[in-house]
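In what follows, a structure is listed as structure tokens, so that the remarks can point back to it.
By convention in this document, chain letters (A, B, ...) are assigned in the order of the sequence lines, proteins followed by strands, and residues within each chain are numbered from 1.
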Amino acid sequence: MSVPDRIAELRRRIADADRAYYLLDAPTVPDAEYDRWMRELQGLEAAHPALVTPESPTQRVSGRPSAAFAEVRHALPMLSLQNAFTEAEVADFVRRIVEATGEARPAFSVEPKIDGLAVSLRYEDGLLVQGATRGDGARGEDVTANLRTLRSIPLALRMPAGEPPPAVLEVRGEVFMPKAAFERFNAEVIAAGGKPLANPRNGAAGSLRQLDPGITAKRPLAFFAYGIGEVRGFALPATHSALLRALGALGLPLSPEIDVAQGLDGVLAYHGRIAALRDVLPYDIDGVVYKLDRLDLQEKLGFVARAPRWAIAHKFPAQEELTILEGIDVQVGRTGAITPVARLRPVRVGGVTVTNATLHNADQIARLDVRIGDTVVVRRAGDVIPEVARIVPERRPSGPDGQPLQPPFVLPSACPECGSAIERPEGEAVARCSGGLVCPAQRKQALLHFASRRAMDIEGLGERLIEDLVDFGPVRSVADLYTLTLDDLLAMKRRAEARDGVTPETVKQGKIATRWAENLLGGIDQSRNTTLERLLFALGIRDVGEATAKQLARWFGSLDALMAADVEALLAVPDVGPVVSARIAGFFAQPHHRALVERLRSHGVHWPEGPPQRTAEGPLAGRTVVLTGGLSAMGRDEAGAHLEALGAKVAGSVSKKTSLVVAGEAAGSKLAKARELGIEVWEEATLLDFLRRHGRLAGP
DNA sequence: GCTCCTCGAGTTCT
DNA sequence: CTCGAGGAGC
């Protein structure tokens, strides 16, 4: 056998073995044999460098660490999917498809929704030339070198003999870390004294973003294909399921659970079947995906705001786990609100480790009847925030008499931070510390709020620094921030470090260590230049949030006009009723609040003032707009500011009164609601076009 | 007085 | 995101 033939044979055997091992999970050759082939191939290639090709299995690790990842523009955007959490939502989805297509019982290509990260593989003339992350859907990162190290990703498409490869074939799919491989990998890392990966999903994402492909190569990653992007010179079959089979024939790995289901009952049965398999599947999933099978019908249905109308992700209900409630702490908020927080024995729920969960208030504790030591069900609801769903009464620790060891939990009657009485007004759910700004916790929260991005936006002033400023520095009220000197800050730092028993870095390192203090002073200085609405919000008047502050600023135009307004004048402001109006008037009636405002002014805090603006003007006057999802060209705030400048009222939630919804990337429940109510929806491009036409944006 | 809309406030983890 | 409660309209 000639050397080129032998090389070709070895490459084919290795590729087949890779496929069997990673895709079919059924090794066909012993590891030793595989290693022998690989070594032989490496030897032959070393002796005949001219025969080395990029798609040879020896070339998976290119070895050259890239400095950073280049940006890749996807030829066709990588789409997001609508989500459904209930059978009713799926029924709606199927009904819409039935109505739009006239098919009584449409066929769906169905697959598990793998919890990994989406990538796009670009094959040109049959060879893998580029691999990219999803990014924002339009642009991702070039991670070709890293993806090449995945043994389940073919470097070259396996074409049937005599058939030419497609000129371009972009394959979309999911990179993930199989559960068993994740456990094995972490066990090894821990044994070696390293830091384990948090969960398979993050492990996969982190591995792909390694600058050194050599590291990625050591991570047990796998890939499943689920769709395509740009295609040239490749005859598309009639259905999505046939397309997937075709990808499989080209050597691309597919989830073995892929199937075809007919109609609503079919997809729901599939959902049930996969949910039952969830724990035994070798990879993490968070739901299943239904795609209308016929490609011609897919095209007919089209897209809404970057999500196809012909596909939906049917998510599994929030995951629940059992753990032990080790204690209940109480936190004091900016308004004095007392919030009980459950301290939990750390538990992994839906991919993240949960140690805290809010218990909201005393009513919630009573409703749940949680006691320290109880076994509780922790759930990650609404995708993110963990909550204690219920307790497991059978597991409550009890004494020999059968009585619970722990009494029911009662909120303390004195504030843990300042000792002031905790009061709960009749009929209200929240209890509050009565200490006001005497309470250090409230003072710190007030400062944090004042400095926050949406208020005065003081860069460099975070939670940690505020702790020290209040405990060891001269800061008692927000106005004190504007008289701070470098010496104050360094003295404060020394005291804080002395308490912590740290060698004073300020002394040790001299000038370098003053950098943070200079940055903070710079941040404070910049915040002097602000707007009336930011200042009003920053003052932290109860029930005056961003929206109300904006209304007040517009209505009165100047701070003096607002401060001079009585309860009656305030009632005339939109969205201000008796409660809020009394709070505002009450706030400014207090001499120390008036003095605070004067101090801020005299220390250079300033903002533009103007005449009252009590009516909206512009092309969007009278329209209420809601922004949802992520925009790529600008932030949501920025878009909102543009819309307001054109006369729109920008609201936070969708209702009958909403006249327009702008849906960006990964828009969720608000978009769904807008559709349900039949409200006009714009995608980002429409918005940008509109802004351009009204002179809010330059260029095309 | 009832009901629907909004807004405010608080929260978790990476 | 969710809950509670204020505002506004009927």
Task: Non-neighbouring partners of A:E680 that pass side-chain hydrogen bond (donor to acceptor under 3.5 Å, both in side chains), sequence neighbours left out - done: A:W682
TODO: Say whether A:Q364 and A:R367, considering side chains only, have a donor N or O and an acceptor N or O under 3.5 Å apart.
DONE: yes
Open item on the list: Closest approach to the side chain of A:A651, judged atom by atom: which nucleotide of B:dC13, B:dA9, B:dC7 is it?
Closed with: B:dC7
- [ ] Would you mind telling me which of B:dT11, B:dG10, C:dG7 lies closest to the side-chain atoms of A:T358?
- [x] B:dT11
- [ ] Go through B:dT11, B:dG8, C:dG7 for me and flag the one nearest to the A:V579 side chain.
- [x] C:dG7
TODO: Please lay out, stage by stage, how A:M456 and A:T530 fare under the test side chain to side chain contact (heavy atoms under 4.5 Å, CB included).
DONE: CA-CA 7 Å; A:M456 300 299 278; A:T530 186; 3.9 Å; yes
Open item on the list: For a quick check of understanding: with a heavy-atom distance under 4.0 Å over all strands, which category does A:V430 fall into, base, sugar-phosphate or nothing?
Closed with: nothing
Task: Proximal nucleotide (of B:dT12, C:dG7, B:dC7) relative to the A:V580 side chain - done: C:dG7
Task: Interatomic distance where NE2 belongs to A:H449 and P belongs to B:dG8 [whole Å] - done: 10 Å
TODO: Would you kindly give the CD-to-C1' distance between A:E546 and B:dG8, to the nearest whole Å?
DONE: 10 Å
Please set out all donor-acceptor pairs under 3.5 angstrom arising from side-chain atoms of residues 533-541 of chain A, sequence neighbours excluded.
residue	atom	partner	partner atom	Å
A:R534	NH1	A:R453	O	3.0
A:R534	NH1	A:A455	O	2.5

Open item on the list: Test your reading of the model: is there a side-chain donor-acceptor pair from A:D575 to the backbone of A:T548, 3.5 Å cut-off?
Closed with: no
Task: Interatomic distance, A:Q331 CD vs B:dG10 P [rounded to whole Å] - done: 10 Å
Open item on the list: From the set C:dG4, B:dC13, B:dG8, return the single nucleotide nearest to any side-chain atom of A:N361.
Closed with: C:dG4
TODO: Would you classify A:K649 as touching base, sugar-phosphate or nothing, given that sugar-phosphate means primed atoms plus P, OP1 and OP2, and contacts are heavy atoms under 4.0 Å?
DONE: sugar-phosphate
Task: A:I391 side, atom CD1; A:D369 side, atom CG - distance, nearest 0.5 Å - done: 5.0 Å
TODO: May I have the distance from A:R542 (atom CZ) to C:dA5 (atom P), rounded to whole angstrom?
DONE: 10 Å
Open item on the list: When you measure from the side-chain N and O atoms of A:T355 to the phosphate of B:dC13, is any distance below 4.0 Å, counting only OP1 and OP2?
Closed with: yes
Open item on the list: Does atom CZ (A:R614) have a neighbourhood of more than 12 heavy atoms from anything else shown, all under 6.0 Å?
Closed with: yes
- [ ] Could you walk me through whether A:L552 and A:L570 pass the side chain to side chain contact (heavy atoms under 4.5 Å, CB included) test, one step at a time?
- [x] CA-CA 9 Å; A:L552 292 168; A:L570 287 162; 4.1 Å; yes
TODO: Take atom NE2 of A:H360 and atom P of C:dC3, then tell me their distance rounded to the nearest Å.
DONE: 6 Å
Task: Spacing of A:I541 atom CD1 relative to B:dC7 atom C1', expressed in whole Å - done: 15 Å
Open item on the list: Counting only side-chain nitrogens and oxygens, does A:T335 get under 4.0 Å of the OP1 or OP2 atom of B:dG10?
Closed with: yes
Task: Nearest to side-chain heavy atoms of A:P578, which nucleotide of B:dA9, B:dT11, C:dG7 - done: C:dG7
Task: Members of residues 564-576 of chain A that approach DNA chain C, where some heavy atom sits under 4.0 Å away - done: A:P574, A:D575, A:V576
Open item on the list: Whole angstroms only, please: what is the CG-P distance between A:L344 and B:dT11?
Closed with: 15 Å
Open item on the list: Could you tell me how far apart A:E463 (CD) and B:dC13 (P) are, to the nearest whole angstrom?
Closed with: 14 Å
